[in-house]
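In what follows, residues are counted from 1 in the order of the sequence shown. In each ligand, atom 1 is the first atom listed, and ligand 1 is the first ligand listed. Just so it is clear, the structure is predicted and the values come from calculations on it, not from any experiment.
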Amino acid sequence: MKKLVLGLMSGTSADGLTVCAINPKPFQILYFKNYPYEKTFQQRLLNAYRLTAPYLSELHYQIGQRYAKTVQKFLKDFQLSPSQISAVGMHGQTVYHGPYDKTPNTLQLGEPSFLAEVLACPVVSDFRAMDMALGGQGAPLMPFFDQYIFGQKSPKLLLNIGGISNIAVVGKNRTPLGFDCGPGNTLIDLACQHYFNQTFDKNGVRAAKGTPDKILVNKLLKQKFFSQQPPKSLDKNTFGNTYLQRYFKSEAKSENPYDLLATLTYFTAAAVAHSINRFVPVTAQKELIISGGGCYNKTLLRYLQDFLPHLTITSSLAYGIDPQAKEAAAFALFAWLNLQHQINHCAHATGAVKNAILGKITLC
Ligand SMILES: Nc1ncnc2c1ncn2[C@@H]1O[C@H](COP(=O)(O)OP(=O)(O)O)[C@@H](O)[C@H]1O
Ligand SMILES: [Mg+2]
């Protein structure tokens with residue numbers, strides 16, 4: 001029986017853990033499932049950057065244990081046995097990303113030993129550290145996956161809308177380009193929690209009822225980050241609560257929460273469009289392949305299409321990659337390549353001096 005590789009991803013939205021099983025060669029996603037976090041746990045993760053060492057350390061072990069339990073559930077859900085799993089790639093929970101600090105750093109929590117113990121197979125984790133040691137920003141890592149999957153033919157433009165949005169451009173004989181381009185779902189989620197006691201704006205229905213403040217959005221797009229040349233990456237808090245309070249509560253014309261959601265959604269789409277227009281070569285501007293939870297937000301997609309009428313917007317599903325499974329599948333592939341001693345890194349996207357084999361191996 002063929003051995004599978006698992007990938008585990010919990011992104012900046014901290015909405016849940018996605019577990020994905022792939023066949024690494026030829027690459028194929030076989031199974032995946034998102035295991036949502038309960039609200040209290042999500043809040044703990046989102047606020048983890050404020051913790052002192054004892055609590056941070058405890059959380060690191062709790063996440064590791066939770067991952068191990070969730071994987072056991074995943075195996076049960078898909079009737080798999082631990083002996084069918086050859087390796088795991090585990091991203092961990094980013095609690096802080098500081099590429100512009102005096103000593104650039106990034107922190108992903110989740111002790112991998114628990115998974116290695118439960119599955120008795122290698123667990124590859126902490127993918128971002130070696131990139132930083134090589135002078136990179138530690139992010140984004142997805143352009144390698146995009147190049148691996150989509151890079152053999154005509155140029156492709158990819159957009160992942162997670163907590164943060166990022167873009168990649170790949171294609172045959174092309175140096176991959178990739179960078180974080182602005183907010184993803186973070187601002188929308190925060191406003192939804194505050195005004196509607198909902199974790200997110202399901203299908204964008206609330207934003208659809210409001211009118212965006214376009215003048216405010218155009219003003220915000222003049223901020224330095226948007227014109228900064230790639231490589232560039234973001235901490236989720238850059239477009240977090242402080243940003244929301246500062247620019248949308250004090251400067252927005254309306255106190256109507258539907259208008260606020262429409263404005264935040266419009267801003268998210270505008271930041272993506274601005275980045276594409278500014279940094280993506282015209283030859284790659286044909287089709288926009290989208291993934292991440294934000295691709296289910298219909299209002300966000302409508303705004304995106306309005307901003308980018310020349311692009312055909314396609315879900316990554318059309319290419320056999322479910323939008324929710326993509327990042328987890330990528331970390332499964334990264335783990336497999338690591339264990340084959342093969343490069344799993346696109347230094348050009350992060351600014352590192354050379355390509356490397358990312359990830360540390362935990363054995364039991
Ligand atoms: N049906 C939906 N409608 C609108 N937004 C959605 C929907 N499903 C998921 N999302 C958004 O996607 C986010 C999760 O996306 P995800 O790709 O998992 O991001 P991350 O990688 O940051 O965890 C949620 O927080 C929510 O904002
Ligand atoms: Mg998620």
Numbered atoms and elements of ligand 1 in range of [X], under 4.0 angstrom, heavy atoms:
{"X": "Glu327", "value": "21 (O)"}
{"X": "Gly294", "value": "12 (O)"}
{"X": "Gly292", "value": "17 (O)"}
{"X": "Thr12", "value": "20 (P), 22 (O)"}

Go around the Mg ion (ligand 2) and count every protein N, O or S atom nearer than 2.8 Å.
1
Would you compute the distance between atom CD of Gln228 and atom CZ of Phe279 and round it to the nearest 0.5 angstrom?
8.0 Å
About how many Å separate CG of Leu308 and CD1 of Ile313, when rounded to the nearest 0.5 Å?
6.5 Å
Quick check on Ile188 - does any of its heavy atoms sit under 4.0 Å from an atom of ligand 1?
no
Strictly under 4.0 Å, does any heavy atom of Lys236 approach an atom of ligand 1?
no
Residues passing the side-chain contact (heavy atoms from CB on, under 4.5 Å) test with Phe114, sequence neighbours excluded, are Tyr61, Gln65, Ala68, Glu111
Taking side-chain contact (heavy atoms from CB on, under 4.5 Å) as the definition, give me every residue that meets it alongside Thr70, ordered by chain and number, with sequence neighbours left out.
Leu17, Val19, Tyr35, Arg66
OH/Tyr195: more than 12 non-hydrogen atoms of other groups inside 6.0 Å:
yes
For [X], is at least one N or O under 3.5 Å away from an N or O on ligand 1?
{"X": "Lys202", "answer": "no"}
{"X": "Gly163", "answer": "yes"}
{"X": "Ser10", "answer": "no"}

Shortest non-hydrogen contact from [X] toward [Y]:
{"X": "Cys181", "Y": "Leu159", "value": "SG-CD1, 4.5 Å"}
{"X": "Ile321", "Y": "Phe27", "value": "CD1-CE2, 3.8 Å"}
{"X": "Asp131", "Y": "Gly138", "value": "OD2-N, 2.6 Å"}
{"X": "Thr199", "Y": "Gln193", "value": "O-NE2, 3.3 Å"}
{"X": "Pro122", "Y": "Ile361", "value": "CB-CG2, 4.0 Å"}
{"X": "Leu234", "Y": "His97", "value": "O-CD2, 3.6 Å"}

What is the nearest protein non-hydrogen atom to [atom], stated with its residue, atom name and distance?
{"atom": "atom 13 (C) of ligand 1", "answer": "Asn185 ND2, 3.4 Å"}
{"atom": "atom 4 (C) of ligand 1", "answer": "Asp201 O, 3.2 Å"}
{"atom": "atom 2 (C) of ligand 1", "answer": "Tyr296 CB, 3.3 Å"}
{"atom": "atom 23 (O) of ligand 1", "answer": "Asp15 OD1, 2.9 Å"}

Is the Phe78-Phe74 ring centre distance short of 6.0 angstrom?
yes
Establish, yes or no, whether a centroid distance under 6.0 Å links the rings of Phe145 and Tyr148.
no
Can you pull the salt bridge (Lys or Arg N to Asp or Glu O under 4.0 Å) pairs that have at least one residue in residues 168-183, sequence neighbours excluded?
none
Considering only heavy atoms, which of Gly293, Ser165, Gly11 lies nearest to atom 9 (C) of ligand 1?
Gly293
Could you check which of Thr265, Asn203, Leu301 puts a non-hydrogen atom nearest to atom 3 (N) of ligand 1?
Asn203
For the pair Gln305 (side chain) and Leu311 (backbone), establish whether a donor and an acceptor sit closer than 3.5 Å, ignoring hydrogens and angles.
yes
Does ligand 1 have a heavy atom under 4.0 Å from the side chain of [X], from its backbone, from both, or from neither?
{"X": "Phe200", "result": "side chain"}
{"X": "Met9", "result": "neither"}
{"X": "Asp189", "result": "side chain"}

